[in-house]
S.K.: 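Could you have a look at this structure, given as structure tokens, before my questions?
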Protein chains: 2
Amino acid sequence: MTSLDRSLIAGLSLFEGIAAADLDRMIGQARSVRIAKDQPVFEQEQEAHSFFLLLDGHVRVVKSTPDGHEVTVRYISPGELMGIAHALGRTTYPASAIAVVDCVVLAWPGQLWPTFATTFPSFSANTYKAVGSRLQDAHARIIEMSTEQVEQRVAHALLKLIKQSGKKTEEGILIDFPISRQDVAEMTGTTLHTVSRLLSAWEDQGFVKSGRQRVVVVEPHRLLVIAEGRVAKG
Amino acid sequence: MTSLDRSLIAGLSLFEGIAAADLDRMIGQARSVRIAKDQPVFEQEQEAHSFFLLLDGHVRVVKSTPDGHEVTVRYISPGELMGIAHALGRTTYPASAIAVVDCVVLAWPGQLWPTFATTFPSFSANTYKAVGSRLQDAHARIIEMSTEQVEQRVAHALLKLIKQSGKKTEEGILIDFPISRQDVAEMTGTTLHTVSRLLSAWEDQGFVKSGRQRVVVVEPHRLLVIAEGRVAKG
DNA sequence: GAGGGAATTTGCCTCAGCGCAAACAGCCGA
DNA sequence: TCGGCTGTTTGCGCTGAGGCAAATTCCCTC
């Protein structure tokens, strides 16, 4: 926990409305932890001992099904909470969180949640607001899965990713962490083959560039057209 | 609000841990409203003026997409909260709620939420626990949509419905409100044609009976086998 | 810089499930 | 009782996208 981290945290919308002294009290009770790439922050079904704030890096939240499928629930960027099972009355984590690059997280013991909730009401309100967005996102995803075809869903997924973790480069907007065709497939409920075919086609048309675990969107506008189904399929 | 309703409410897990006097104070601030069949309790995009407790009847929560698709998010049974946008920091309803039969709801003005949350902490905790379940359900649904085929999804949907609103009859377990093929299709991301074909096939095999807006599950076990994909397709 | 493993590309085949269309049945109101 | 409306069934053809398999390319390590 550097002072840089400290001021970074203070700027998060999550801590809006919280006095500086309170914020320090909260941070004082957390433990800063490094998670190496591909290591779990927490795992599905395990007892929820802590909740976390991602300070640096990117984390993928996945659920595994009994029959061996993996579904990516969402990606987490710096500044977001994760593993907040306690806030929702659960005692185990419903999914696993895997670091996709080396990460730094702040960890609070789960038992602290009730105290935090009553002591820092804005924190609790902000957290539940974030939960509201997640629920909203989940529903949006259900709707996508119900009504859109694969091409649209993949386009939506890429747009979501560049919005959340896009980094401008001279080529276009780069998704700022390693992501494979398989990863995109797990976000959209399709197969890596289909994703590969789509990216190839888009690359031919020149509005996406991609390589090994790497995607750059050159013209987001064209993706948007596909995502919204405003395209006569050519 | 009859005294019967009053004792019914007191029994809900939602009000667990709340003193009788507090419960009366809460109820005292609500308005009891009747909603006729097919009428909305609240509508998507509209400003969230109230949150509701369903006392009697069944409500369908739907989201409409710009391109005219409708997706059923979930069905609500008596005893469940709905329209709790305020608890999640939203100012508009993210979906519409339509009465599928004549209903009775208890409505609280939205502004009351913050007061309730601080005055009756168990109520707030219970509510967020319910939100946690919904999030869980939403994720389960995403996983279903990503990894299962239509037959499994429809089987899952029927199982969910009989679990939530099943009523034992001499024929089997009846879904206790009018539900069409189209409705099931909107729950599972398929078409009424496909649902119709499936139900016909299942009826031939004798473990489901159905008619106009009516479904009875004769052997839930057989449905479960299909839902879990433990079936060699025949 | 050679070898090996992982990620990606691509071709070919297959089929679940959708779209379309037509026929049919049950229920309600006049 | 007689339409007429809404919900349901069913046939047929088509296709998006998955499964399988092989080839290729990239990157990392030794």
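The chains referred to below are lettered A, B, ... by the order of the sequence lines, with proteins before strands, and numbering in each begins at 1. Predicted model, so just to flag it, every value in this text is computed and none were measured.
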S.K.: When you check the phosphate oxygens OP1 and OP2 of D/dA17, does a side-chain N or O of A/Thr190 lie under 4.0 Å from one of them?
M.R.: no
S.K.: Only pairs at least two apart or in different chains count here, so list each ring-ring contact (aromatic ring centres under 6.0 Å, His included) that has a residue in residues 209-228 of chain A.
M.R.: none
S.K.: With the threshold set at 4.0 Å, does a side-chain nitrogen-carboxylate oxygen contact exist between A/Arg134 and A/Glu80?
M.R.: no
S.K.: Could you tabulate the donor-acceptor pairs under 3.5 Å formed by side-chain atoms of residues 54-70 of chain B, not counting sequence neighbours?
M.R.:
| residue | atom | partner | partner atom | Å |
| --- | --- | --- | --- | --- |
| B/Arg60 | NH1 | B/Glu186 | OE1 | 3.4 |
| B/Ser64 | OG | B/Glu70 | OE2 | 3.0 |
| B/Thr65 | OG1 | B/Asp67 | OD1 | 2.8 |
| B/Thr65 | OG1 | B/His69 | N | 3.0 |
| B/Thr65 | OG1 | B/His69 | O | 3.3 |
| B/Asp67 | OD2 | B/His69 | ND1 | 3.0 |

S.K.: Take the protein atom CD of B/Glu151 and the nucleotide atom C1' of C/dC18, then report the distance between them rounded to whole Å.
M.R.: 16 Å
S.K.: Output the residues of residues 60-73 of chain B in contact with DNA chain C, where contact means a heavy atom of the residue under 4.0 Å from an atom of the strand; sort by number or write none.
M.R.: none
S.K.: I need the minimum non-hydrogen distance between A/Val218 and A/Glu171, along with the two atoms involved.
M.R.: CG2-O, 3.6 Å
S.K.: What residues, two or more places apart in sequence or in another chain, satisfy ring pair (Phe, Tyr, Trp, His ring centres under 6.0 Å) together with B/Phe52?
M.R.: B/Phe42
S.K.: Provide, to the nearest angstrom, the distance between the NZ atom belonging to A/Lys209 and the P atom belonging to C/dT8.
M.R.: 17 Å
S.K.: With sequence neighbours excluded, what pairs up with A/Glu203 under the side chain to side chain donor-acceptor pair (under 3.5 Å) test?
M.R.: A/Ser210
S.K.: For nucleotides 7-15 of chain D, read 5' to 3', which letter fits each nucleotide if B means a protein heavy atom sits under 4.0 Å from the base, S means only the sugar-phosphate is that close, and - means neither?
M.R.: SBBBBB---
S.K.: Go through the structure and list residues passing side chain to side chain donor-acceptor pair (under 3.5 Å) with B/Arg34, not counting sequence neighbours.
M.R.: none
S.K.: Rounded to whole angstroms, how far apart are CE on B/Met145 and C1' on C/dG17?
M.R.: 13 Å
S.K.: Quick one: list whatever passes side chain to side chain donor-acceptor pair (under 3.5 Å) with B/Ser146, sequence neighbours left out.
M.R.: none
S.K.: Please name all residues satisfying side chain to side chain donor-acceptor pair (under 3.5 Å) with A/Arg212, sequence neighbours left out, ordered by chain then number.
M.R.: none
S.K.: Starting from P on C/dT8, measure out to CG on A/Asp204 and report it in whole angstrom.
M.R.: 17 Å
S.K.: Just how far, in rounded Å, is P of C/dA16 from CD of B/Gln152?
M.R.: 13 Å
S.K.: Which residues satisfy the side-chain contact (heavy atoms from CB on, under 4.5 Å) test with B/Ala157, sequence neighbours excluded?
M.R.: B/Met187, B/Thr188
S.K.: Apply side-chain contact (heavy atoms from CB on, under 4.5 Å) to A/Leu8 and list each qualifying residue two or more places apart in sequence or on a separate chain.
M.R.: none
S.K.: Mind grabbing the angle between the end helix axes of the helix from C/dG1-D/dC30 to C/dA30-D/dT1? Five pairs an end, 10° rounding.
M.R.: 40°
